[in-house]
Asker: 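Once you've had a glance at the structure underneath, I'll fire off some questions.
No experiment lies behind these values; they were computed from the predicted model shown.
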Amino acid sequence: MIKTGKTPMSGLTYIAIMSVCFIINLPGIAVAPIEGRLREILHTSELEIQLLTTLPNFVIIPFVFIAGKLSAWRHKIPLIVVSLLVFIGCGILYLFTRSMTGLIVASCLLGATDGILIPFAMGFVVNAFEGKYRTRNLGIKSATSNFGTVVASFVVGILITGHDWHLPFVVYLIAVVPLIFCYWLKNIPGFGDQGLPAEEFKKECVMQDNDKGIEFKKIWGLCGNNAFFTFTTFAIVIYLPQLIQQNGWSPKVAGWVIAVFFVSVLLSGFFLELFLKTFRSMVYPLLGSLLGGGIAFISFSGAEWAMYVGSVLAGLAFGIFQPLIYDKTSYAVKDPSKNIFGLSLVLCALYIAIAVEPFIITGISKLFRVHSENHFVFSLSFYLSVAYIIFSFFFRKKFTFLISPSYYS
């Protein structure tokens, strides 16, 4: 049995939770590495490539919010089952499509399905665990999700060398595993078949005051914190491969640097508790310093080794930040039945930041006639991280940046 701080949980239920967490970061993982081949094979335009890579991120956002509302529904297990079936169906659709339109449709469907699964995966952990067990397992959940990214990237790297360009999309069929374990999700405290009957659920979705169990002032602070930190960090994921290509280095370097970033995010999830106990009230300024140091290596050094060091530092910062921000969300939600809705709002902030970053950077670059977006974005991210350090230090006693004694006692 697994200790939860509440009722002990069976090992099969824990595996069911982590199997869902394993797949939620996979959408998009097979698309980026084959963009070049798609241009050659399908003779795609730059606009079509942009739609394929950015449109699913926008699709995720409303479905994350919808999932928060659906969390009040009685029939949650069937919702998860249907979402996983659509996830698998998208993987199959990828394997047989022969057009860019088919790829865009499959990607958008996958984004919508992932938008439903993401808040529930987080909510599983928040509902099942309490106190230090919740903090620890949110770190493990983050590590599991990023481990899925690392494993899938490795598999895609192998399959991409095959003759059939469809092969990398096989990674999405891994959703069969959480589908098999769905039965045991009903044993999660506060989940299962508990929820509102159909008529009350409809009223809950339209009432003006239905969310009085949530402290929205705190939630908006966490949303801003999440969006700002994500915007700064994801410059590495979005722009570093292009910067490496611009520097004339091998595309393999870009792949390895991004892999190092996600491995660092993965590993940091296991050290969340130790980091909180060691640095206490200075956690957020130090996370900003790790991120700023990583960006500085990338921005101000032209050496290849600096790219790896910068990715490690930024990955460690992001890996600790993510589970911490979602754990804090649970303290802003007074009604446990609204945990997933509160989480969905903070998650929306993350995906909005990722989706709009390329448009913001392009807009600023054109406004100030910047010669190279790929260099500019890292200079901007460095100064944003410095601002974050200063802001989080002076407001470290406010809820958004507060590390209460319960985290390290």
Asker: Indicate yes or no for a side-chain donor-acceptor contact from Ser311 to the backbone of Met307 under 3.5 Å, with no hydrogens or angles considered.
Answerer: yes
Asker: Any heavy-atom pair between the side chains of Ser107 and Leu55 that's under 4.5 Å?
Answerer: no
Asker: Just so I know, are the side chains of Val125 and Ile140 near enough to count as touching, which here means a heavy-atom distance under 4.5 Å?
Answerer: no
Asker: With the side chain counted from C-beta on, respond yes when Pro62 and Phe65 share a heavy-atom pair under 4.5 Å apart, and no when they do not.
Answerer: no
Asker: In this structure, are over 12 heavy atoms from other groups packed under 6.0 Å from Tyr383 atom OH?
Answerer: no
Asker: Taking Asn137 for its side chain and Tyr133 for its backbone only, find out whether a donor-acceptor pair lies under 3.5 Å.
Answerer: yes
Asker: What heavy-atom pair brings Thr113 and Ser83 nearest, and what distance separates the two atoms?
Answerer: CG2-O, 2.7 Å
Asker: How are the rings of Phe234 and Phe318 set relative to one another: parallel (under 30°), tilted (30 to 60°) or perpendicular (over 60°)?
Answerer: perpendicular
Asker: Measure the shortest side-chain to side-chain distance between Thr400 and Phe395 over non-hydrogen atoms and say whether it is less than 4.5 angstrom.
Answerer: no
Asker: Looking only at heavy atoms, what is the nearest atom pair of Val333 and Asp335, with distance?
Answerer: CG1-O, 3.2 Å
Asker: Check whether the ring centres of Phe378 and Tyr239 lie less than 6.0 Å apart, and answer yes or no.
Answerer: no
Asker: Show your working on side-chain contact (heavy atoms from CB on, under 4.5 Å) between Ile364 and Val370 and close with a plain yes or no.
Answerer: CA-CA 8 Å; Ile364 295 175; Val370 174; 5.6 Å; no
Asker: Could you tell me which non-hydrogen atom of Ile219 sits nearest to which non-hydrogen atom of Ala332, and how far apart they are?
Answerer: CD1-CB, 3.9 Å
Asker: Using every non-hydrogen atom in the two residues, find where Val377 and Ala235 come nearest and quote the distance to one decimal.
Answerer: CG2-CB, 3.9 Å
Asker: Would you check if the side chain of Ser299 reaches a backbone N or O of Ala296 as a donor-acceptor pair within less than 3.5 Å?
Answerer: no
Asker: Can you check whether Tyr284 and Phe391 have ring centres sitting under 6.0 Å from each other?
Answerer: no
Asker: Answer yes or no for Lys186 and Tyr183: cation-pi contact, defined as NZ/CZ to six-membered ring centre under 6.0 Å and angle to ring axis within 45°.
Answerer: yes
Asker: If you measure from CD1 on Ile15 to CZ on Phe181, what distance do you get to the nearest 0.5 Å?
Answerer: 5.0 Å
Asker: For Cys223 versus Leu345, what's the shortest heavy-atom pair and its separation?
Answerer: SG-O, 3.5 Å
Asker: Side chains of Ser365 and Thr362: is there a donor and an acceptor less than 3.5 Å apart?
Answerer: no
Asker: Looking at side-chain heavy atoms only, is the closest gap between Leu52 and Met100 below 4.5 Å?
Answerer: yes
Asker: Just wondering, are more than 12 heavy atoms of other shown residues or ligands nearer than 6.0 Å to CZ in Phe147?
Answerer: no
Asker: Which one of Phe228, Phe229, Tyr326 satisfies the ring-ring contact (aromatic ring centres under 6.0 Å, His included) criterion with Phe321?
Answerer: Phe229
Asker: Check whether any side-chain heavy atom of Leu110 lies under 4.5 Å from a side-chain heavy atom of Phe87, and answer yes or no.
Answerer: yes
Asker: For a side-chain contact (heavy atoms from CB on, under 4.5 Å) check, start with the C-alpha distance between Phe154 and Val150, then their side-chain angles and the critical distance, and finish with the verdict.
Answerer: CA-CA 6 Å; Phe154 179 74; Val150 172; 5.7 Å; no
Asker: Are Phe393 and Phe401 close enough that their ring centers fall under 6.0 Å?
Answerer: no
Asker: Distance from Lys141 atom NZ to Ile24 atom CD1, nearest 0.5 Å?
Answerer: 3.5 Å
Asker: May I ask you to check if Lys328 and Phe399 form a cation-pi contact, with NZ or CZ under 6.0 angstrom from the six-membered ring centre and within 45° of the axis?
Answerer: yes
Asker: Under a 3.5 Å distance rule, please check whether Arg369 uses its side chain to pair with a backbone N or O of Lys366 as donor and acceptor.
Answerer: no
Asker: Within the distance-only criterion (no hydrogens, no angle test), does the side chain of Thr233 pair as donor or acceptor with the backbone N or O of Thr230 below 3.5 angstrom?
Answerer: no
Asker: Does the pair Glu215/Lys334 count as a salt bridge with the N-to-O cut at 4.0 Å?
Answerer: yes
Asker: For the side chain of Thr97 and the backbone of Leu93, is there at least one donor-acceptor N/O pair under 3.5 Å apart?
Answerer: no
Asker: Taking all heavy atoms of Tyr172 and all of Gly91, pick out the closest pair and write down the distance.
Answerer: CB-CA, 3.9 Å
Asker: Once the angle between the rings of Phe297 and Trp305 is folded into 0 to 90°, is it parallel (under 30°), tilted (30 to 60°) or perpendicular (over 60°)?
Answerer: perpendicular
Asker: If you count the non-hydrogen atoms of other residues, nucleotides and ligands that lie under 6.0 Å from OH in Tyr331, is the total more than 12?
Answerer: yes
Asker: Could you go through Ile340 and Asn127, starting from their C-alpha distance and side-chain angles, then the distance that decides it, and tell me whether this counts as side-chain contact (heavy atoms from CB on, under 4.5 Å)?
Answerer: CA-CA 9 Å; Ile340 296 179; Asn127 284 337; 4.2 Å; yes
Asker: Test your reading of the model: is there a side-chain donor-acceptor pair from Asn226 to the backbone of Val346, 3.5 Å cut-off?
Answerer: yes
Asker: Is the closest side-chain heavy-atom distance between Leu79 and Phe120 below 4.5 Å?
Answerer: yes
Asker: According to side-chain hydrogen bond (donor to acceptor under 3.5 Å, both in side chains), who are the partners of Thr101, at least two apart in sequence or on a separate chain?
Answerer: none
Asker: Could you walk me through whether Leu173 and Leu95 pass side-chain contact (heavy atoms from CB on, under 4.5 Å), step by step?
Answerer: CA-CA 10 Å; Leu173 301 184; Leu95 294 175; 4.2 Å; yes
Asker: Are there over 12 heavy-atom neighbours, none belonging to Phe275, within less than 6.0 Å of that residue's CZ?
Answerer: yes
Asker: Please check this pair: side chain of Ser142 against backbone of Leu138, looking for a donor-acceptor N/O pair closer than 3.5 Å.
Answerer: no
Asker: Below 4.5 Å, heavy atoms only, C-beta onward: do Phe129 and Ile188 meet side chain to side chain?
Answerer: no
Asker: Examine distances only and state if a side-chain atom of Ser385 and a backbone atom of Phe382 form a donor-acceptor pair shorter than 3.5 Å.
Answerer: yes
